[in-house]
Engineer: 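Here it is: the structure, laid out below.
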Protein chains: 2
Amino acid sequence: MTDSTQRPGRRGSALSKDRIVQAAISILDNEGAAGLTFRALAGRLKTGSGAIYWHVADKDELLAAATDHVIAKFEPQDVGRLSPQEAIRALALGVFDAIDSHPWVGAQLSGNPFQYAVLRILEGLGTQVVALGIPEKGRFNAATALLSFMLGLAAQYAVASHHFRDGSDRTTALRAVAAKWMELDPEQHPFIHQVAPLLPVHDDREQFMAGIDLILAGIDTSR
Amino acid sequence: MTDSTQRPGRRGSALSKDRIVQAAISILDNEGAAGLTFRALAGRLKTGSGAIYWHVADKDELLAAATDHVIAKFEPQDVGRLSPQEAIRALALGVFDAIDSHPWVGAQLSGNPFQYAVLRILEGLGTQVVALGIPEKGRFNAATALLSFMLGLAAQYAVASHHFRDGSDRTTALRAVAAKWMELDPEQHPFIHQVAPLLPVHDDREQFMAGIDLILAGIDTSR
DNA sequence: ACCTGAACACCGTTCAAGT
DNA sequence: ACCTGAACACCGTTCAAGT
């Protein structure tokens, strides 16, 4: 109720969940998911590793908080001006950009689909599905279909960018994957062989939006 | 070139990748993903933990082999008799049943989208997309949209069934999740509030197939 | 109330040594 | 060629002890 005991220090150096999450994001961005350990985090924050547990329940909560911070930042503003379809596209692009600039977010979203960041996305999608005029029974399926697709591609990008960490850039890495695909028995894998050459040249963002548009078209026929 | 040195023992007790994978699947089914450790595996196989590394490169390869074994088992036979749409539905149901009976497969598929089991699924989907008459440019997007949706829902089921491990059955667990959703601010989460009551009563399989049908309908309009 | 940092109970993986 | 199992280099998490 008074004052000084509430605000622990004048410098910004006092520990808080917010500072911990910021430091975690910075480590995740620079070192990847494997680099985030409580020891590394404590080192960067110049505390003991146990101190973090005063502000955060465990590593899951820390990752969920970091993920939600990023997803919230990329959430498009005043979507109300757009048509429902355009709003859904804008929401999807926000998620794509979040993953594109913070690759660990992809793995975290798909690896923990009940965290708040996912609910935040579902809420945005659901609101637009309602605006689309989908009857009540179909709303759940339509919104979760969009969500599942996004989580699935999130998982793919996450692993893809993980593979790229070894020095090589995106295109050469995908070329290596395509080369491995071509080594498979062509009799048993005709489609993989047909599609492998597209892998190094395809545009992730375009693929992502093409999937969204496919589902939107499907939703449209169900009205 | 001769004989006895090739086949190491008359009993089935000699270590082999196949026996290791079988034991791993059994542990994964009974104890979940967290239960699969090289120590537990070695204990069940009555060897040293290092022996496993003679037959398997690392834990990733082991999990990929176990996953592919399960996915292959649930792959529908002679899909050629079916229409492309029905074939895709059959493929999707196979993946659903695989995950439904081995929940760890869901996390493994979505967590490692470049493993062979995923390629196997993509090959099946792609073949049917070609049969559907999709022009070459759209095939990649159509097949990967189906795949991504499946991986996304796979991730959700994996976590869901992970939550159910604590004694409670599926419905009561989902009721708990729905109750947590209802605690969120209803002003900011109208859709979540609207949809939460459906969570404990909805049918996973039906939701899965509804998503597939939505994407199939979308693909149909793009022809 | 908040922080310290050693200690605990694990991991995956390696490797000298055996057969 | 294949197996043993101790050892290594880590983890997340806990907790008595400090301030």
Side-chain angles (χ1 to χ4, degrees), chain A residues 1-24 27-28 31-67 104 107-108 111-112 115 162, chain B residues 1-24 27-28 31-67 104 107-108 111-112 115 162:
Chain A
M1 297 300 173
T2 49
D3 49 347
S4 60
T5 45
Q6 303 285 50
R7 316 271 155 78
R10 38 199 63 79
R11 294 163 299 154
S13 61
L15 218 49
S16 68
K17 182 164 176 179
D18 208 68
R19 276 191 67 226
I20 293 170
V21 169
Q22 291 293 347
I27 291 175
L28 288 162
E31 329 275 344
L36 182 66
T37 68
F38 276 77
R39 273 162 254 256
L41 198 51
R44 177 178 287 243
L45 291 166
K46 298 192 196 309
T47 27
S49 52
I52 297 164
Y53 283 90
W54 187 263
H55 301 274
V56 152
D58 54 20
K59 199 176 181 181
D60 269 358
E61 187 190 306
L62 176 59
L63 281 166
T67 304
W104 51 272
Q108 180 57 26
N112 206 343
Q115 67 188 308
H162 182 72
Chain B
M1 296 298 173
T2 49
D3 49 349
S4 60
T5 46
Q6 305 284 49
R7 317 269 154 79
R10 37 199 65 78
R11 294 163 300 154
S13 62
L15 218 48
S16 67
K17 181 164 177 179
D18 209 68
R19 276 192 67 227
I20 293 170
V21 169
Q22 291 292 348
I27 292 175
L28 287 163
E31 329 274 345
L36 182 66
T37 68
F38 277 77
R39 272 163 256 255
L41 197 52
R44 179 178 286 245
L45 291 166
K46 298 192 196 310
T47 27
S49 52
I52 297 164
Y53 283 91
W54 186 263
H55 301 275
V56 151
D58 54 22
K59 200 177 180 181
D60 269 358
E61 187 189 307
L62 176 59
L63 281 166
T67 304
W104 51 273
Q108 180 58 24
N112 206 344
Q115 66 188 308
H162 182 71

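Just so it is clear, the structure is predicted and the values come from calculations on it, not from any experiment. FYI, side chains are in, hydrogens and waters are out, and symmetry mates aren't considered; it's all heavy atoms of this structure. Labels below follow one simple rule: chain letters A, B, ... track the order of the sequence lines, proteins then strands, and each chain is numbered from 1.
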Engineer: For A40(A) versus G35(A), what's the shortest heavy-atom pair and its separation?
Structural biologist: CB-O, 3.8 Å
Engineer: Using a cut-off of under 3.5 Å, enumerate the N/O to N/O pairs linking the protein to nucleotides 10-12 of chain C.
Structural biologist:
| unit_1 | atom_1 | unit_2 | atom_2 | d |
| --- | --- | --- | --- | --- |
| dG12(C) | OP1 | K59(B) | NZ | 2.7 |
| dG12(C) | OP2 | F38(B) | N | 3.2 |
| dG12(C) | N7 | R39(B) | NH2 | 2.6 |
| dG12(C) | O6 | R39(B) | NH2 | 2.9 |

Engineer: Could you check which of dA1(C), dC3(D), dT4(C) has an atom nearest any side-chain atom of W54(A)?
Structural biologist: dA1(C)
Engineer: Could you tabulate the donor-acceptor pairs under 3.5 Å formed by side-chain atoms of residues 43-50 of chain B, not counting sequence neighbours?
Structural biologist:
| unit_1 | atom_1 | unit_2 | atom_2 | d |
| --- | --- | --- | --- | --- |
| R44(B) | NH1 | S26(B) | OG | 2.7 |

Engineer: Only counting residues at least two apart or in another chain, list the ones meeting side chain to side chain contact (heavy atoms under 4.5 Å, CB included) with A24(B).
Structural biologist: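 Applying side chain to side chain contact (heavy atoms under 4.5 Å, CB included) to A24(B) gives L36(B), L41(B), L62(B).
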Engineer: Any side-chain N or O of H55(B) less than 4.0 Å from the OP1 or OP2 oxygen of dA1(D)?
Structural biologist: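 Looking at the OP1 and OP2 atoms of dA1(D), neither is under 4.0 Å from any side-chain N or O of H55(B).
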Engineer: Ignoring hydrogens, what is the shortest heavy-atom contact between L15(A) and A51(A)? Give both atom names and the distance.
Structural biologist: CD2-CB, 3.8 Å
Engineer: Taking side-chain hydrogen bond (donor to acceptor under 3.5 Å, both in side chains) as the test, write out the residues that go with K17(B), two or more places apart.
Structural biologist: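 K17(B): side-chain hydrogen bond (donor to acceptor under 3.5 Å, both in side chains) contacts with E61(B).
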Engineer: Applying ring-ring contact (aromatic ring centres under 6.0 Å, His included) as the test, list every pair that has at least one member in residues 36-61 of chain A; sequence neighbours left out.
Structural biologist: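 Counting only pairs at least two positions apart or across chains, the ring-ring contact (aromatic ring centres under 6.0 Å, His included) contacts touching residues 36-61 of chain A are F38(A)-Y53(A).
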Engineer: Would you tabulate the pairs of protein nitrogen or oxygen atoms and nucleotide nitrogen or oxygen atoms of nucleotides 17-19 of chain C closer than 3.5 angstrom?
Structural biologist:
none

Engineer: In dot-bracket, 5' to 3', how would DNA chain C read with Watson-Crick or G-U wobble pairs under 3.5 Å, [ ] for crossing ones and | for pairs to another strand?
Structural biologist: ||.|||||...|||||.||
Engineer: Between S49(B) and K46(A), which has a closest nucleotide on DNA chain C that is more 5'?
Structural biologist: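 Its nearest nucleotide being more 5', the pick is K46(A).
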Engineer: Please confirm whether the backbone N or O of T67(B) pairs with a side-chain atom of Q115(B), one donor and one acceptor, at under 3.5 Å?
Structural biologist: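 Not at all, since once roles are kept as given, no pair shorter than 3.5 Å links the two residues.
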Engineer: Nearest to the T47(A) side chain among dT4(C), dT4(D), dC3(C), which nucleotide is it?
Structural biologist: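 Nucleotide nearest to T47(A)'s side chain: dT4(C).
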Engineer: At their closest point, which heavy atom of A42(B) faces which heavy atom of I52(B), and how far apart are they?
Structural biologist: N-CD1, 3.9 Å
Engineer: Which pair of heavy atoms, one from D58(A) and one from V56(A), lies closest together, and at what distance?
Structural biologist: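 It is O-CG1, 3.2 Å.
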Engineer: How long is the line joining CD1 of I52(A) and C1' of dG5(C), in whole Å?
Structural biologist: 12 Å
